[in-house]
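To keep things clear, I will list the structure first and then write my remarks on it.
All values below were derived from every heavy atom in this structure, side-chain atoms included, with hydrogens, water molecules and symmetry-related copies excluded. Whatever order the structure lists ligands and atoms in, that order sets their numbers, starting from 1.
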Amino acid sequence: MPRQTRDRSRRADPCTLVVFGASGDLTQRLLMPALYHLAAADLLPDGFAVIGVARSPMSDTQFRGHIGDGLEKFAGVKLMTTTRKWLIERLSYLTGEFDNPQTFARLGDMLARRRRAGDGNGNGNVLFYLATPPTVFASLADHLSRAGLVRSDARAWSRLVVEKPFGTDLESARELNRRLRAVFAEDQIFRIDHFLGKETVQNVLALRFANNLFESLWNRDRIDHVQITVAETVDIGGRGGFYDATGALRDMVPNHLFQLLSLIAMEPPTRFAADAVRAEKTKVLQAMHAYDRRTALTCSVRGQYRAGKIAGKSITAYRRAPNVARDSKTETYVALKLFVDNWRWAGVPFYLRTGKALRARRSEIAIKFREAPFAIFRDTPVDRLAHNFMVVSIAPEEGISLEFNAKVPGPHIRLRRVDMNFRYKDYFAVEPATGYETLIYDCMIGDQTLFQHAEDVEAAWRVVQPFLDCWSRNGTNGLDFYAAGGDGPRAAEELLTRDHRHWRPIAAGPLR
Ligand code: NDP
């Protein structure tokens with residue numbers, strides 16, 4: 001059963017972490033540095049070990065060297081020798097193909113040896129982490145089952161961590177859920193979204209539900225609209241093969257952006273416990289309006305970057321990138337206008353946008369409050385009053401700010417927009433983190449609060465599916481191009497100007 005408390009003062013349960021895809025980018029760049037940070041915070045148990053599994057032939061020593069190099073590069077801190085040694089000594093490696101039953105038989109032997117060795121994980125708790133291409137998620141679960149490696153009894157647990165993307169459309173997400181749930185119970189499956197490991201994202205819950213100040217304003221009577229932005233300066237680099245088959249909508253929207261939306265829009269849970277929080281998030285996703293294809297077309301914008309410059313560096317056009325079709329219609333930018341059909345949010349648009357090769361890196365949730373109903377200040381019509389935005393900034397800087405009108409000093413009544421800023425780093429020592437620390441720890445203690453339920457995933461794809469359908473019918477028709485280093489396609493601005501609204505600038509923010 002999922003644990004209902006979030007006691008972070010204790011070490012995680014003894015377990016073996018089996019990482020499928022251990023020679024890959026995610027493992028070296030994010031997972032292992034996160035384990036290092038957990039070890040440094042003394043949150044990993046004595047009975048902890050990692051077995052990495054992948055195709056590349058490597059000995060234990062070579063694997064340890066590969067991960068050690070990664071820690072130096074990606075941990076973001078000067079490594080402590082004792083912690084590094086503690087972690088590296090716990091790593092071993094198994095070379096094997098994921099479609100070969102022998103791989104799983106050998107893995108079973110390694111796990112059994114660990115249990116017999118009495119190294120503190122005598123019960124045999126195992127966390128299987130699928131850091132692999134999504135195409136093998138379901139078959140890996142089948143193989144684990146056939147090899148008898150999945151347990152869930154009073155003595156030991158087996159859990160499964162699944163990376164994104166979870167499916168490529170509604171049908172494939174349902175099928176993946178079905179196959180994983182044939183092997184693992186829902187409370188053993190942790191569908192990870194590393195955005196939810198970020199402090200600011202979790203702080204949305206604290207902001208809303210630990211402060212009565214804001215909650216009374218949090219509804220259609222006071223809020224005009226919400227903007228959720230995840231803007232990246234990076235282009236697709238060497239990931240053309242993956243990206244051209246995926247696109248910005250699938251890659252970012254049903255997971256990261258919808259998770260942010262659900263935290264902003266959810267009703268207060270009865271308690272801060274996995275089942276209560278997840279139930280409220282699921283209700284929001286289920287209340288999101290799914291358009292018919294025609295409306296989906298008018299409420300969406302897709303763009304693709306052309307050549308341009310970012311911070312003085314030349315960026316080649318998306319279609320010229322390696323492993324990308326020269327006539328690709330894959331979007332590298334998407335903007336959507338969405339609604340949540342419930343009592344609290346009826347009629348309040350949620351505008352979402354995300355893209356690559358943009359002017360600046362910026363992730364934020366901006367809540368625009370309604371204008372004052374009447375401007376009492378002489379010569380200041382209501383449409384010249386600055387807008388009241390509350391901005392939850394996730395990157396590049398974490399914090400929360402409130403923008404409001406203030407009087408400029410002097411004998412005349414003049415108003416100007418000012419900002420009230422809270423920056424995380426001004427109040428708290430923010431340790432370097434990958435975003436995976438909290439999530440991996442939560443998997444080890446069985447806390448599913450920050451993970452997606454099967455129903456969330458399917459509800460999200462239900463909303464995304466009409467966009468996929470109408471875009472695939474339209475081919476390149478409606479694909480807008482934008483220069484790398486710009487703000488995105490012009491049609492994205494029009495999506496809001498049609499509603500007499502504007503996006504916040506990507507580059508300039510209140511926290512800077
Ligand atoms: P990589 O391509 O770098 O790594 C894939 C890993 O899977 C490699 O270790 C590869 O082994 C192994 N593998 C693939 N097929 C087989 C097979 N048939 N048999 C044995 N091993 C196999 O991918 P990433 O690490 O970038 O991504 C992994 C997952 O994490 C993906 O689902 C991705 O969407 C997700 N993700 C990645 C992020 C990132 O920043 N990298 C961020 C968020 C999610 P080998 O190379 O030895 O053949």
Find all atoms of ligand 1 within a distance of less than 4.0 Å from any non-hydrogen atom belonging to [X], and give their numbers and elements.
X	result
P134	32 (O)
A131	6 (C), 28 (C), 29 (C)
P165	34 (O)
P133	5 (C), 7 (O), 14 (C)
A22	9 (O)

Would you say [X] has any N or O atom under 3.5 Å from an N or O of ligand 1, going by distance alone?
X	value
F98	yes
H194	no
Y436	no
L30	no
T27	no
F137	no

**Q.** Test item, T132 contacting ligand 1 (heavy atom, 4.0 angstrom)
**A.**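 Checking ligand 1 against T132, which is what was asked, there is a heavy-atom contact under 4.0 Å.
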Q) Non-hydrogen atoms of R29 versus ligand 1: any pair closer than 4.0 Å? A)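 Within the 4.0 Å threshold, so yes.
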Do side-chain atoms of [X] reach the backbone of [Y] as a donor and acceptor pair under 3.5 angstrom?
X	Y	value
E175	A173	no
Q227	R504	yes
R361	T233	no

Charged N to carboxylate O below 4.0 Å: is that the case for [X] and [Y]?
X	Y	answer
D42	R11	yes
R84	E72	yes
R159	D187	no
K85	E89	yes

Taking the side chain as everything from C-beta on, heavy atoms only, tell me whether [X] gets closer than 4.5 Å to [Y].
X	Y	value
V77	Y36	yes
W503	D487	no
L140	F128	no

Q. Protein heavy atoms: any of them under 4.0 Å from atom 46 (O) of ligand 1?
A.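 Within 4.0 Å: yes, protein heavy atom nearby.
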Which residue holds the protein heavy atom closest to [atom], what is that atom called, and what is the gap in Å?
atom	value
atom 20 (C) of ligand 1	G96 O, 3.3 Å
atom 4 (O) of ligand 1	G24 CA, 3.4 Å
atom 9 (O) of ligand 1	S23 OG, 2.7 Å
atom 6 (C) of ligand 1	G21 CA, 3.5 Å

Q) Do you know which of D456, N177, N255 makes side chain to side chain donor-acceptor pair (under 3.5 Å) with R191? A)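 That would be N177.
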Q. Do S92 and D60 have side-chain N/O donor and acceptor atoms under 3.5 Å apart?
A.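 No, D60 and S92 have no side-chain donor paired with an acceptor closer than 3.5 Å.
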Q) If you measure only the distance, is there a donor-acceptor pair under 3.5 Å linking the side chains of S23 and Y93? A)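 Note: S23 and Y93 side chains miss the donor-acceptor criterion.
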Which of these, [options], has its nearest heavy atom closest to [atom]?
atom	options	result
atom 33 (C) of ligand 1	R239, K164, R55	K164
atom 44 (C) of ligand 1	M58, Q28, E97, E163	E163
atom 42 (C) of ligand 1	L26, V19, D25	L26

